[in-house]
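The structure appears below as structure tokens.
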Amino acid sequence: MEVVATLAGAVGLVTGLVTALAVRASERAQHPSAPPAQTAGVPAGVASVLSVLRSSAVVIDSDDRVLRASSAARAFGLVSGDRLVVDSLLAMARLVRRDGEIREEEIEVIHGRREGRWFAVRVAPMGTGGLVLVLAEDLTELRRVEAVRRDFVANVSHELKTPVGALSLLSETIEDAADDPEAVRRFAKRMQHESVRLTNVVQDLITLSRLQGGEPVAEPKVVALDDVVHDAVDRCRLKAEPKDITLAIGGCEGLTVDGDEELLITAVRNFIDNAIAYSPEHTRVVVCTRRADDRHAEISVTDQGIGIPEADLQRIFERFYRVDPARSRQTGGTGLGLAIVKHAATRHRGEVNVWSKEGSGSTFTIRLPLLTTSATAKEISEPATVREAP
Ligand code: ADP
């Protein structure tokens with residue numbers, strides 16, 4: 001809202017400036033000693049101010065003919081030839097011409113089947129000759145960002161409400177079952193489960209909010225990918241054991257990148273966590289480092305799990321997107337793991353990719369710019385070895 005107010009303020013300032021110039025020009029027109037400077041009917045001073053505006057600016061005369069239109073106004077389809085083609089804008093301009101009152105509105109402009117664009121419009125009279133100035137600031141991106149933020153807040157509230165609701169219910173149940181130690185133990189266990197879930201969501205939200213700016217890592221350090229992989233695998237071992245899932249490390253050793261080691265460990269750990277969560281028992285997860293080309297390294301995590309339907313592949317990196325929400329919750333997933341990995345990759349000027357086949361498994365890859373000193377790494381042409389993680 002603050003941004004909208006600032007925009008409206010800026011538009012107001014420009015309208016004022018342009019109107020003042022127009023009034024001065026029309027005053028000069030009434031004195032023979034100061035002949036009016038006109039550009040196709042528009043006072044010269046006004047024309048040059050309009051030409052530097054980023055917002056769409058249109059001047060129309062008393063017959064609704066466009067005397068001047070900025071390139072943005074034409075690009076957005078507000079003007080065609082010498083006509084203002086958006087009916088609501090034309091109606092506003094006519095009202096302003098009639099009563100001289102400045103008008104402001106937010107309008108949606110739809111062309112054909114394309115999604116509409118939103119504009120903050122300000123229409124003002126210019127001098128006394130029936131000229132009207134229309135300024136339209138494109139609000140589409142601002143509105144989109146606002147909608148994304150609203151959705152995000154709604155999702156966060158929902159994700160927090162569920163475990164908090166469960167905790168409150170369980171605590172009441174424990175109170176009622178005070179005389180039954182077995183039931184108390186059972187419900188206390190479920191309370192622990194819900195608190196872990198709550199902690200995970202909050203922790204992931206904190207991580208995500210730190211990453212969201214998209215700026216590169218502030219103080220990058222030399223990071224050995226071997227250390228990243230070993231650390232991530234170590235931290236996932238406890239989760240793999242109950243399902244008897246083997247964690248193996250393979251590929252090319254000695255690669256280094258510039259970045260934030262802890263963030264890269266978090267990213268790889270999220271891949272491995274998912275690989276374990278979405279794989280059946282007694283399967284294998286392989287974490288591989290490789291030199292993709294002269295300038296890039298890749299860390300990939302391959303599982304023999306349930307895989308991902310093709311239709312969902314494009315969306316799994318979105319915040320809170322889950323192929324099977326019930327399964328994700330059951331496995332303790334927050335729906336934020338892959339969004340965190342994507343942001344972590346962006347911060348390292350890298351990218352993430354996924355290959356998957358339903359019923360066969362998935363490979364998630366993070367690709368990172370190599371440090372040139374990685375030239376010492378063993379070449380990729382060497383057969384990739386796969387070692388069981390110790
Ligand atoms: P979650 O916490 O739900 O796992 P993520 O952001 O880590 O959230 O992943 C988003 C969704 O992508 C998951 O809910 C799951 O449906 C799918 N997914 C991620 N990794 C895998 C995998 N290795 N195998 C199958 N599905 C996966």
Side-chain angles (χ1 to χ4, degrees), residues 148 151-152 155-156 158-163 193-212 229 232-233 235-240 243-249 263-288 298-347 351-367:
V148 169
D151 277 3
F152 182 63
N155 277 328
V156 169
H158 177 75
E159 295 295 330
L160 295 178
K161 220 171 83 185
T162 316
H193 177 80
E194 293 300 335
S195 348
V196 168
R197 193 166 141 197
L198 196 57
T199 312
N200 289 346
V201 176
V202 171
Q203 186 54 55
D204 276 0
L205 282 170
I206 292 171
T207 309
L208 198 61
S209 70
R210 281 205 197 115
L211 292 178
Q212 251 163 358
V229 167
V233 167
R235 294 190 204 181
C236 292
R237 206 176 301 284
L238 266 183
K239 203 170 170 188
K243 290 178 86 174
D244 188 27
I245 289 178
T246 307
L247 299 180
I249 297 174
L263 193 53
L264 289 175
I265 293 172
T266 302
V268 177
R269 207 189 67 207
N270 284 355
F271 277 164
I272 305 174
D273 264 343
N274 282 346
I276 297 169
Y278 300 104
S279 292
E281 294 181 347
H282 319 301
T283 51
R284 210 172 153 76
V285 172
V286 180
V287 187
C288 219
E298 281 181 358
I299 305 177
S300 59
V301 176
T302 303
D303 63 54
Q304 301 168 316
I306 57 172
I308 301 161
E310 200 170 340
D312 295 296
L313 279 178
Q314 293 298 318
R315 303 203 53 194
I316 51 173
F317 290 95
E318 291 173 20
R319 298 172 300 195
F320 297 118
Y321 188 84
R322 294 150 162 136
V323 177
D324 178 350
R327 179 167 181 145
S328 159
R329 293 217 171 80
Q330 195 190 333
T331 56
T334 62
L336 294 172
L338 291 181
I340 289 174
V341 180
K342 192 172 174 189
H343 280 98
T346 309
R347 280 208 135 191
E351 58 186 57
V352 282
N353 282 301
V354 55
W355 171 91
S356 189
K357 190 158 183 250
E358 260 189 289
S360 299
S362 315
T363 297
F364 283 85
T365 306
I366 180 166
R367 186 183 169 93

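Whatever order the structure lists them in is the order used to number ligands and atoms, beginning at 1.
For atom 3 (O) of ligand 1, the closest non-hydrogen atom of the protein is S328 OG, 2.5 Å. What sits closest to atom 7 (O) of ligand 1 on the protein, heavy atoms only, is N274 ND2, 2.8 Å. D303 OD2, 2.9 Å is the protein heavy atom nearest to atom 23 (N) of ligand 1.
Residues P163 and L198 share a closest heavy-atom pair of CG-CD1, 3.6 Å. Here the closest heavy-atom approach between residue L211 and residue H343 is recorded as CB-CB, 3.7 Å. Pairing each heavy atom of F364 with each of I308, the nearest pair is CZ-CD1, 3.7 Å. Closest approach of A339 and R319 over heavy atoms only: CB-CG, 3.7 Å. Between I299 and V287, the shortest heavy-atom distance links the atoms CG2-CG1, 4.1 Å.
The environment of NZ in K243 is crowded: more than 12 heavy-atom neighbours from other residues, nucleotides or ligands sit within 6.0 Å. The neighbour count for R327 CZ, taken as heavy atoms of other residues, nucleotides or ligands under 6.0 Å away, is above 12.
Across F271, Y278, F320, heavy-atom proximity to atom 21 (C) of ligand 1 is greatest for Y278. Of the listed options L336, N270, V323, V323 places a heavy atom closest to atom 17 (C) of ligand 1.
An N or O contact shorter than 3.5 Å links L338 to ligand 1 by distance. Looking at ligand 1, you'll find an N or O of G335 within less than 3.5 Å of one of its N or O atoms.
Contact atoms of ligand 1 toward Y321: 10 (C), 11 (C) (distance under 4.0 Å to a heavy atom of the residue). Interface atoms of ligand 1 facing I316, defined by a heavy-atom separation under 4.0 Å, are 10 (C), 12 (O). Listed by number with element, the atoms of ligand 1 under 4.0 Å from a non-hydrogen atom of R322 are 3 (O), 14 (O). For ligand 1, the atoms closer than 4.0 angstrom to any heavy atom of G307 are 25 (C). Atoms of ligand 1 found under 4.0 Å from any heavy atom of S362, numbered from 1 in the order shown, are 24 (N). The contact set between ligand 1 and T334, taken as ligand atoms under 4.0 Å from a residue heavy atom, comprises 2 (O). Interface of G337 with ligand 1, defined as ligand atoms under 4.0 Å from a residue heavy atom, comprises 5 (P), 6 (O), 7 (O).
Using a 4.0 Å cut-off between heavy atoms, I308 contacts ligand 1 through its side chain alone, with no backbone atom that close.
Exactly one of L264, V268, N270 qualifies for a side chain to side chain contact (heavy atoms under 4.5 Å, CB included) with V341. That residue is N270.
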Under 3.5 Å, sequence neighbours excluded: what are the donor-acceptor pairs made by side chains of residues 272-283?
from : atom 1 : to   : atom 2 : distance (Å)
S279 : OG     : A275 : O      : 2.5
H282 : ND1    : D244 : OD2    : 2.8
T283 : OG1    : P280 : O      : 2.8

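A donor-acceptor pair shorter than 3.5 Å cannot be found between the side chains of S300 and T365.
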